[in-house]
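One structure below.
Order of appearance sets the numbers: ligands from 1, and atoms from 1 within every ligand.
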Amino acid sequence: MIVMKFGGTSVGDARSIRAAVGIVRSRLERRPVVVVSAMAGVTDALIAAWERASRGRGAGGSIAARHLAAARDLGLPLQDVRGEARGMEAALAAVRGRRGSSAADRDRIVSFGERLSAHLVAGALHSAGVEAAAAPAGDAGLVTDAAFGEAEPLPEAYPALRRGLRRRPGVPVVTGFIGRTRDGRPTTLGRGGSDYTAAILAAALGAEEVEIWTDVSGVMSADPRVAPEARTIERLSFAEAAELAYFGAKVLHPKTLLPAMAAEIPVRVLNTGDPAHPGTLITRAATRSRGVVKAIASKKHIIVVDVVSTRMLLAHGFLARLFQVVADRGVVVDLVSTSEVSVSMTVDRGDRLREAVREIRRFAQVRINRDRAVVCVVGEGLGQVPGLAGKVFSTLGREGINVEMISQGASKLNISFVVRGDQADGAVRALHRRFFRARAGGLFGAGRLTAPRTPAEPRDRAARDVCAGAPR
Ligand code: ASP
Ligand code: MG
């Protein structure tokens, strides 16, 4: 049994849906459960429609028309799409009629994106001779808490999904991204949450593998817009993939990996437009075939907070106090580096910072540096290679790029550092050249790379997000 998840561009029009159907048919003997995202752009359009409705204006606009056009292109009967579209319009009308609106309303409206695409994909499978039916994840057993917009599955969801999906004949086409509360209200799992759904289903069903079908050929060694010679990485460990996901590569939501990681189910990232390409295989085991560096990622718009206090000298409890303030204000810290009298930390959202800083200023000096970037060199085992950090920093030095902060975690699978935001692309380019081109197959060069067979230029935002280093 495998779980096959198709992202927004993979179900973005009739042509892509036909390609997806062909891919599912090629794997029928592996008993696929299919998970779908909304058509590319539809979730954004639904959120916009909800916002308009909560100000008393507008309707679903072109959303229904787009799905009807795809259904016609695919030669499908229109009643399922029409039924969902009516549901969507009714939900919008209810919001319009009331004053104000809630996150629960938003999730209800947004859930129609995946409900609509599941009908298109199930219909297309059916008309290609494959027994298939759309299955809203909530109906199939995906019960969540009531944290609308970032809901988490409840423990009972796993056995419920097992019961709910095992009984279904043919190929279930499950809605990604959405679940529902115990009392039946639709929830969403957070943006990009369809991958999460796929991993949850795989863990629930004890799948052999999760296939993430997208529109680039796997995880790249860098963002190809920044480093044009970037290549697909053949294999990654879960830890490396999580690190990359966190530091900019949106190929998989970091949270996405957790259920698959816990159940040790391999995840493959594949290209709907080039199904023969091997893509990237993510497993528990680290591979160090030829090169230790797997990828260079970066995350821009980072804020560095420098905290200086002479009182920290030989004192205890300073860090505890500092991080207590940070935790109390809900500020998420990524990198931390300390010296005897100072602490630097990076945060990627400034909205909660102001209050925390006001508080910290009561016991230390604070300096804020905006528009910084974290650049991250990722590879399992790179902490054990003598001279590697030297290569990283001498490469940057030659480019005239100043490093403002350095952090190498205990897991030793990344070296992360902070540079000025406008120097991040230059840093990624120079490091990619240093580790991937100059010494292919050498001690530091990553050997196991696959040249892309399709142009590296991603088609749209969803595709760009897949590349290492894409801004979040
Ligand atoms: N449609 C949802 C989103 O755009 C979930 C997904 O595509 O994974 O965030
Ligand atoms: Mg996605």
Ignoring hydrogens, just give me the one of S194, A38, A198 whose non-hydrogen atom is nearest atom 8 (O) of ligand 1.
-> S194
Mind checking side-chain contact (heavy atoms from CB on, under 4.5 Å) for A19 and listing every partner two or more places apart, or none if nothing turns up?
-> T272
Identify, with sequence neighbours excluded, every residue that meets side-chain contact (heavy atoms from CB on, under 4.5 Å) alongside S102.
-> A104, D105
Which of the atoms of ligand 1 are close to [X], meaning less than 4.0 Å from one of its heavy atoms?
X: S37; result: 6 (C), 7 (O), 8 (O)
X: T43; result: 1 (N), 2 (C), 3 (C), 4 (O)
X: R191; result: 3 (C), 4 (O), 9 (O)

Would you say the side chains of D107 and T187 form a donor-acceptor pair under 3.5 Å?
-> no
Ion pair E211/R268, N-O distance below 4.0 Å = no
In terms of side-chain geometry, is the basic nitrogen of R182 or E156 positioned less than 4.0 Å from the acidic oxygen of its partner?
-> yes
Looking only at distance, does G192 have an N or O less than 3.5 Å from an N or O of ligand 1?
-> yes
Sub-4.0 Å heavy-atom contact, G193 with ligand 1 | yes
